[in-house]
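Comments concern the structure below.
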Amino acid sequence: MQRHRHVLPRRLLLQPPRTVTATTTGFTPTCDTASTYDHTRAGRAYQSGGYAYSGGSDELTGLWHTFTVRTLRQTAPGHVVVSEPGCPA
């Protein structure tokens with residue numbers, strides 16, 4: 001059995017290390033508990049075909065009306081996920 005040895009090309013070995021710079025937006029996550037209807041009115045969710053979906057992640061939150069209550073967590077601007085009640089913000 002012949003073994004293959006993987007060798008990096010010389011040009012990759014001679015390149016200087018790259019520096020990566022990251023910045024944060026200063027966004028603070030929020031948690032909101034409300035009916036699926038109220039989440040859509042507040043812009044955290046949208047409705048389609050009688051169901052509500054969280055904004056950004058498109059997760060099903062349940063039927064779209066005032067009796068279905070869910071907790072949604074906004075993790076980034078424009079990105080909302082379904083969360084547990086009382087989630088830490």
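- Checking side-chain atoms of His39 against main-chain N and O of Arg70 turns up a donor-acceptor pair under 3.5 Å.
- A pairwise comparison of heavy atoms in Thr61 and Val82 identifies CG2-CG2, 3.6 Å as the closest pair.
- A distance-only check finds no donor-acceptor pair linking the side chain of Ser35 to the backbone of Val69 [under 3.5 Å].
- Residues Arg44 and Asp32 form a side-chain contact, since some pair of their non-hydrogen atoms from C-beta on lies under 4.5 Å apart.
- With Val81 as the fixed residue, the side-chain contact (heavy atoms from CB on, under 4.5 Å) test singles out one of Leu72, Thr75, Thr71: Thr75.
- With values rounded to the nearest 0.5 angstrom, Thr36 atom OG1 is found 11.5 Å from Tyr51 atom OH.
- The nearest pair of heavy atoms linking Phe27 to Gln74 is CE2-O, 3.5 Å.
- In this structure, Glu59 CD and Ser54 OG are separated by 4.5 Å, a value rounded to the nearest 0.5 Å.
- Atoms OG1 and NE2, on Thr40 and His65 in that order, are 12.0 Å from each other to the nearest 0.5 Å.
- Between Trp64 and Tyr37, the ring-plane angle classifies as tilted under the 30° and 60° cut-offs.
- In plain terms, the two heavy atoms of Gly56 and His79 that are nearest each other are C-ND1, 3.7 Å.
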